[in-house]
Asks: 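Pasting a structure here, questions to come.
Computed from heavy atoms alone, side chains included, the values below leave out hydrogens, waters and symmetry copies. In what follows, chains carry the letters A, B, and so on, assigned in the order in which the sequence lines appear, proteins first and then strands, with residues in each chain numbered from 1.
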There are 2 protein chains.
Amino acid sequence: MATDHTRKRGPLAIGGRLRRLVERMDQDAGRVYADLGVVFEQRWWGVMEHLAEQGPASVAELARALGITQPSVSQTRRSLEVAGLIQAQSDPRDARSRRLDLSDQGRALYRQLAPVWAAMDVVAVELNAEVADVMSMLDSLDAALARTSLYERIRRAMDGPQGGKG
Amino acid sequence: MATDHTRKRGPLAIGGRLRRLVERMDQDAGRVYADLGVVFEQRWWGVMEHLAEQGPASVAELARALGITQPSVSQTRRSLEVAGLIQAQSDPRDARSRRLDLSDQGRALYRQLAPVWAAMDVVAVELNAEVADVMSMLDSLDAALARTSLYERIRRAMDGPQGGKG
DNA sequence: TGTATTTACATAGGCGCCTAACTAATATCA
DNA sequence: TGATATTAGTTAGGCGCCTATGTAAATACA
């Protein structure tokens, strides 16, 4: 009955497991930063990398580039500003918009942490070879769920092929 | 340079992507519950399933069974109690411990949602066939990281095979 | 028996994401 | 030109996890 017991744990268990995997990844990365005596929040990386590589950007541009919501960017932006890593300037083209850019301190930290991130890349490649191609799996999953959402799939499984909301 | 650009996005991007994947899964599941007019938090599932299948349990037992921390269980327990889905009794064998069990209302909800979870299982199998064996990948990843933690891997990549903390 | 250590649990605060709601600015339309 | 719709961004609150801390009970040890 091991198979049946396993079948009892579907996406609900997957979700929890993925969360904890991510949590562990963040913790381990956090330990590396702590070893270097650096205060760094994981969520900062996406914003900093984008600003460093692409130049100043608005909250909306960052949200689009990172694939997260504006409020999330806004909160990260605030955290980064408090830490002195970015600065904001009003955009003369649109009074509502703010251009965010790395501060000198932010640039220095970005450079300092580049070797850490390079090492993380090496580890990702290593794990891909050792275990599974996580990035490819994510790409495939993203594509599959973009095609047909999890919601639709569940509703179809519940209601049958012709039932339920269209 | 597409390959090089991709290599710039290592575990840091993976972490964020996994978080968002989980978020989306929770949202889609939440929409299904909402369709049924049911108020249900994803984190309730692990606790409810364990209590329904294994009987009354303490916070510590649940934490061990679900692989999360005590405070997390404690918070979920509180949420479940407020919702009237579980009840707690003191444990005569240990005055510090509380036995948690599903209330009648909790049992009824568990039964009501069983078809939903069965449908989710179907979808999981479907996605496994369509995309990738996510559960196997998780198993393998968990095992690989239990063998050698991400922290150690990163430190080794940073410091070289002989350097750094042992 | 008294003291030190360990264990069970709750609470506080935080991280990283979300949605809802709001204000203000801009764009569109009649 | 004025009204309406859309957009940019912030804030509040919440979900689901974490660590740190604290209180109380149980256990271990001298």
Asks: Take the protein atom CG of B:Leu80 and the nucleotide atom C1' of D:dC15, then report the distance between them rounded to whole Å.
Replies: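 Spelled out: CG on B:Leu80 to C1' on D:dC15 is 13 Å.
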Asks: Going 5' to 3' through nucleotides 2-10 of chain C, assign each nucleotide B (protein heavy atom under 4.0 Å from a base atom), S (under 4.0 Å only from sugar-phosphate atoms) or - (no protein heavy atom that close).
Replies: -----BSBB
Asks: What is the distance, to the nearest angstrom, from the CD atom on A:Gln27 to the C1' atom on C:dG14?
Replies: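 Computing the A:Gln27:CD to C:dG14:C1' distance gives 13 Å.
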Asks: What is the separation between atom CG on B:Asp26 and atom P on D:dG16, rounded to the nearest whole Å?
Replies: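 In whole Å, D:dG16 P and B:Asp26 CG are 6 Å from each other.
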Asks: Return the value, rounded to whole Å, for the distance between atom CZ of A:Arg31 and atom P of C:dC15.
Replies: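 Those two atoms, CZ and P, are 19 Å apart.
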Asks: Does A:Leu85 offer a backbone N or O that forms a donor-acceptor pair with the side chain of A:Ser103 under 3.5 Å?
Replies: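 Here the side-chain-to-backbone pair exists.
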Asks: What nucleotide among D:dC17, C:dT19, C:dA25 has an atom nearest to a side-chain atom of A:Ala95?
Replies: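 Among D:dC17, C:dT19, C:dA25, the one nearest the side chain of A:Ala95 is C:dA25.
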Asks: From CH2 of A:Trp44 over to P of C:dC17, roughly how many Å is that when rounded to an integer?
Replies: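 Checked: the CH2 to P distance equals 13 Å.
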Asks: Would you please indicate if the ring centroids of A:Trp45 and A:Tyr33 are separated by under 6.0 Å?
Replies: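 Centroid distance A:Trp45-A:Tyr33: not below 6.0 Å, so no.
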Asks: Flag the pair A:Arg31 and B:Glu152 as a salt bridge only when some basic side-chain nitrogen lies within less than 4.0 angstrom of an acidic carboxylate oxygen.
Replies: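 Judged by the 4.0 Å cut-off on N to carboxylate O distance, A:Arg31 and B:Glu152 do not form a salt bridge.
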Asks: Please confirm whether the backbone N or O of A:Gly55 pairs with a side-chain atom of A:Asp101, one donor and one acceptor, at under 3.5 Å?
Replies: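 A pair under 3.5 Å: no.
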Asks: What is the distance from CD of A:Glu23 to P of D:dC18, rounded to the nearest Å?
Replies: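 It works out to 6 Å between those atoms.
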Asks: Once you round it to whole Å, what is the distance between C1' of D:dC15 and CZ of A:Arg19?
Replies: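 From A:Arg19 CZ to D:dC15 C1': 7 Å.
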Asks: So that I can tick it off, tell me whether B:Arg24 and A:Asp142 are bridged by a salt bridge, with the cut-off set at under 4.0 angstrom between side-chain N and carboxylate O.
Replies: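 A salt bridge links A:Asp142 with B:Arg24.
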Asks: Determine yes or no for a side-chain-to-main-chain donor-acceptor pair under 3.5 angstrom, with A:Arg78 supplying the side chain and A:Ser74 the backbone.
Replies: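 Such a contact is absent between A:Arg78 side chain and A:Ser74 backbone.
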Asks: Given pairs defined as Watson-Crick or G-U wobble with both distances under 3.5 Å, what dot-bracket annotation applies to DNA chain D, with ( ) intrastrand, [ ] crossing, | other strand and . unpaired?
Replies: ||||||||||||||||||||||||||||||
Asks: Is there a side-chain contact between A:Ile68 and A:Arg43, using heavy atoms and a 4.5 Å cut-off?
Replies: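 No, too far: nothing below the 4.5 Å cut-off.
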Asks: Could you work out which one of D:dC17, D:dT19, C:dG16 sits closest to the side chain of A:Glu41?
Replies: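 So the nucleotide nearest the side chain must be C:dG16.
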Asks: So, for B:Trp44 and B:Tyr110, is the gap between ring centers shorter than 6.0 Å?
Replies: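 Ring-ring flag for B:Trp44/B:Tyr110: false, centres at least 6.0 Å apart.
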Asks: At under 4.0 Å, does any side-chain N or O of B:Ser72 touch on OP1 or OP2 of D:dG16?
Replies: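 No, outside the criterion.
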Asks: Whole Å only: how far is the CZ atom of A:Arg24 from the C1' atom of C:dC15?
Replies: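 After rounding, the gap between these two atoms is 18 Å.
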Asks: Answer yes or no: is there a side-chain heavy-atom contact under 4.5 Å between A:Arg17 and B:Asp139?
Replies: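 A side-chain contact under 4.5 Å exists here.
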